[in-house]
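A short write-up of the structure that comes next.
Order of listing sets the numbers, starting from 1, for every ligand and every atom in it. Sequential numbering from 1 along the given sequence is applied to the chain's residues. In this text, all values refer to a predicted model and were calculated from it rather than measured experimentally.
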Amino acid sequence: MKASDCWRERSRTAKVAGVVAAAAWLGCTGSQSALDPQGVQADRIYSLWNVMFVSSIAIFVIVMAFVIVAVVRRSGELDGRRSWRWVVGGTVATVVLLIGLIVYDAGVTRAIEREPADAMEIRVLARQFWWDFRYTGEPASRSLRTSNEVYIPVGRAVRFVLESPDVIHSFWVPNLHGKTDAIPGRVTTTWLRADRPGIYRGQCGEFCGLQHSKMAFELIALPPDEFERWFERELLPAAEPPDELAARGQEVFLQHCAFCHTVRGTSAMAVAGPDLTHLARRRMLGAAWIPNQRGHLGGWILDAQRIKPGSHMPPIEVAPDDVHALLHYLENLR
Ligand SMILES: [Cu+2]
């Protein structure tokens, strides 16, 4: 091979390695990555993962080194007594290392389970295939329900109380904590704390049916004062229809959608589907699957089965003018 060809080949290899490294790095960061911890619980898990990972690599390298030495050296070079020393030494080192890792693992587990006394509580109903969040306030008028979007204050522990009315789901926000199952007939809890503001993607971590992979949500961590402002604004009932078209849209909504959905401040109080009181402020629709834009919203209303086959949202038959009015009404639910 000529020198120039060799250089070109090396350059191509370096480029491929660069792309692979960049892809690997990108895969390890972002809004849904356990390798990019943004809270105290995820930090602990990440540290444990690092220790286990580095230990495993070190053990693998050492064992392989011994295997190579054993293969390369001629048999009988070590006398029996020295061989036994190596075997006993290796066994003792393995036992000591394993005990060390078990003790460390137990310490991390205890720290993860130790919940701060001042944790705020959010109840979670995991359902096929979406998430229902409830803030239980005192008095009851300060209780709140949101769907597929949960807001928490930065720097404060939050206890999530999990239930499921149908099958086993798993509550998982990789940047903030590991998974906790929501099991029918049982109540499970987990707690986490976001240490930096941001939008973190949560995902059902347990196969729960046809649309399991599209059962996501967004956890939005806000500075405490911004969280309080969000909470107070979210407590408000839905805005009145601002014009005639929106008023017609509200009629269409009450006629077709009120059997499943709530819009506080109207007669729509059903809880089979998400609370839509402030729908227009949401970033995403369909359990964090499609952006909250007019076209997507219209498609979702008319034929959700095309977007998420197997979801419990039925197709709705509405005259084209009424669809226009309904969309206008929903876009004003700010
Ligand atoms: Cu699932």
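The other residues sharing a hydrophobic cluster with V187 are V161, where clustering joins ILVMFWY side chains under 4.5 Å apart. Residue W289 shares its hydrophobic cluster (ILVMFWY side chains chained together at separations under 4.5 Å) with V252, F253, L254, V263, L276, L279, L285, I290, L297, W300, I301, L302, I307, M313, I316, V318, V323, L326, L327, Y329, L330, L333. Here I168 sits in one hydrophobic cluster together with I183; the rule is ILVMFWY side chains under 4.5 Å apart, joined directly or through other members.
Around the Cu ion (ligand 1), the protein atoms of type N, O or S that sit closer than 2.8 Å are C204 SG, E206 O, C208 SG, H212 ND1.
Between F171 and F160, a ring centre-to-centre spacing shorter than 6.0 Å is recorded.
Ring geometry, Y46 versus W49: the interplanar angle falls under 30°, so the pair is classed parallel (tilted spans 30 to 60°).
The only member of D243, D321, D322 that meets salt bridge (charged side-chain N to carboxylate O under 4.0 Å, His left out) when paired with R248 is D322.
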